[in-house]
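The structure appears below as structure tokens.
Per chain, numbering begins at 1; letters A, B, ... match sequence-line order. Both backbone and side-chain heavy atoms feed into the values below; hydrogens, waters and symmetry mates do not. Not measured: the values here are computed from a predicted model.
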There are 2 protein chains.
Amino acid sequence: MVAELKITPLRYVLAVVDHGGFHAASRYLHRTQPALSMAIRELENRLGEALFEKGAKATLTPYGSYCVPRFRELINQHDRLSRELQARAAKEAGQLDMAVVPSVASRLMPKLLSEFVSRYPGIKVGLHDGNADFVREQVISGQVDIGITSLWGLEEELLFHPLFHDEVGVVCRDDHPFAERQTLTWQALETESLIGNGTSRLLQGTAAESLLEMHALYISNMISLTATLVAGMGVTTLPRLAFPQEYERLRFIELAEPRVSREVGLIRRKGASLSPAAQAMESFIIESLAAEQ
Amino acid sequence: MVAELKITPLRYVLAVVDHGGFHAASRYLHRTQPALSMAIRELENRLGEALFEKGAKATLTPYGSYCVPRFRELINQHDRLSRELQARAAKEAGQLDMAVVPSVASRLMPKLLSEFVSRYPGIKVGLHDGNADFVREQVISGQVDIGITSLWGLEEELLFHPLFHDEVGVVCRDDHPFAERQTLTWQALETESLIGNGTSRLLQGTAAESLLEMHALYISNMISLTATLVAGMGVTTLPRLAFPQEYERLRFIELAEPRVSREVGLIRRKGASLSPAAQAMESFIIESLAAEQ
DNA sequence: TCAAAGTGGTAAGGGAAATTTATCATAGGG
DNA sequence: CCCTATGATAAATTTCCCTTACCACTTTGA
């Protein structure tokens, strides 16, 4: 049977030692002197041995001298833990991982992350990018705390918080006949050499679904895809956010008739709540994007 | 300001986790279920974050999962400390050092120590021997907890607990005229070649004081002294306990007229109390020697 | 399908523990 | 010798922990 050493009386002992007396310690602790006397007596009874000499003013017994550094150690550990856990709860420290689709990673996250880390300097963020299936899988398996992607079906295990709509358009080189157009219809694409990519399945279930069968090429890698487009080998469809603005020769033309868009949003596991750090990130993203529009 | 994490609620959290529910934990802890609910709620408020999911039965939040191993660690440290300090108070563990004069070290301590260590298996004893001044000095300086020696004057800084009287006698070789005598008087020594030693000052202030001036030789080292006696170069005075029984050719003859004796006792510092282990040794020695006579 | 037994949460009361107030005995300093 | 410091003690009070009693909800088994 272990005796329960309460933290407070241990603190009292240290205060008496450090301040050289019960009265001095009581002033420091904002307690009265009898409070210390009695609490320390109780502690001594529990241990079965006196800590302070009787009759002498605040002098430690040998046993007390042995105890004091150990009390100090335990209290230090306690305080360190308490501070650490409070810091985490207050989002002053912590760690979170998130998975996002590449377009979000390159167009949205840089700004968001730089604002986030300056607002929560203590929180460490791990950012992983991959296609929508990867993001979904990482979140469901608990590898990451939250994800940003678009979903195609209802997910039993996921909570989805919509962030914005991302319109699908056609991407072509600047010398292509489409390049000067403001909008296009899917019929205009029927005669084109259409390159498929990872986002092509957004067209599934829309009026433009027939275009999916037209793919002569399918390129999942974004760098390869843009190189192919710059080479003038065809056109492709992409959500606007996924359109790589940094290529001067590529143009994005809205696809009207039908309007196709993906709904990009925040996902997390249903049932499990978020860590304080992940909570902070989630609210931060939602608020930032709401403020922007 | 650090929040005070009381040990008990942390135990409650661990019990709920380990037993998979508030009710199971409450049975284990011999508390009622609301007691746990409220204590844990209070802890959560203190930390500023929930440990258990609401609505789910005893499921940890990510924050809770982070906390639990740390709670466990702190509690383990607490329990280990508590057990250790109690063991010391109960004399099941600990350490003590003592200084004794050589005669006590060789004639008294072997038996006492072997009994002591079998009675207090956990206590480690350091035994240091030296002359009376050494013992006195070690005790006063706090290098050792207790000493066994004889004192000549009253000591302001020491507490003296008498153990036994040790009669001074004459030591000579077995072929010496004294060897067959039962007792001697100091006058009988006047014509002898008297060798002085560290215990000779016991004669100071007695009727035999004049013998002190007769020393042709003074040998402090016991081995040298006995070798000199065995060589037949003279006689000496020694307390009985200091007489080395293991030398076959030496004899001890009581010195009557005057009877001179040293009072051997236990010394320790006045004012400072003893460690539990040293206390145990002190009482043990006093009781053992009292039981013997 | 409904009762029974499980989960945990809430409110009010009792009782133990901690703290304060008031007082005392003792020791040291001017 | 008084004054002020020390810490110990007793009784009163406040605080906090725990229990009892009850509720709402879910799961289980007949």
**Request:** Under 4.0 Å between any heavy atoms, over every strand shown, what does B:Tyr12 touch: base, sugar-phosphate, or nothing? Just pick one.
**Result:**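 It contacts sugar-phosphate atoms only.
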**Request:** Just call it for B:Ala58: base, sugar-phosphate, or nothing, with non-hydrogen atoms closer than 4.0 Å on any strand.
**Result:**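 Here B:Ala58 touches the backbone only, sparing every base.
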**Asked** For the base of C:dA18, is there a side-chain donor-acceptor partner from A:Glu42 under 3.5 Å away?
**Response**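 Absent.
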Quick one: is [X] getting a side-chain N or O under 4.0 Å of the [N] phosphate, OP1 or OP2?
X	N	result
A:Lys54	D:dA8	no
B:Arg41	C:dT10	yes
B:Lys57	D:dC25	no
B:Ser37	C:dG8	no

**Request:** Quick one: do A:Met98 and A:Ile285 satisfy side chain to side chain contact (heavy atoms under 4.5 Å, CB included)? Show the steps, please.
**Result:** CA-CA 12 Å; A:Met98 55 190 305; A:Ile285 289 172; 3.7 Å; yes
Could you state the [atom1]-[atom2] distance from [X] to [N], rounded to the nearest angstrom?
X	N	atom1	atom2	answer
B:Gln33	D:dC18	CD	C1'	12 Å
B:Leu10	D:dC17	CG	C1'	16 Å
B:His23	D:dC25	NE2	P	17 Å
A:Leu36	D:dT6	CG	P	12 Å
B:Phe52	C:dG9	CZ	P	9 Å

**Request:** Indicate yes or no: at least one non-hydrogen side-chain atom of A:Gln77 is less than 4.5 angstrom from one of B:Gln77.
**Result:**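 Result yes, sub-4.5 Å side-chain heavy-atom pair found.
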**Asked** If you check the A:Thr32 side chain, which of C:dT19, D:dA8, D:dC18 turns out closest?
**Response** C:dT19
**Item:** Atom pair CG (B:Leu51) and OG1 (B:Thr61), whose distance is rounded to the nearest 0.5 Å
**Value:** 6.0 Å
**Message:** I need the minimum non-hydrogen distance between A:Glu115 and A:Ser288, along with the two atoms involved.
**Reply:**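 Taking every non-hydrogen atom into account, OE1-OG, 4.3 Å.
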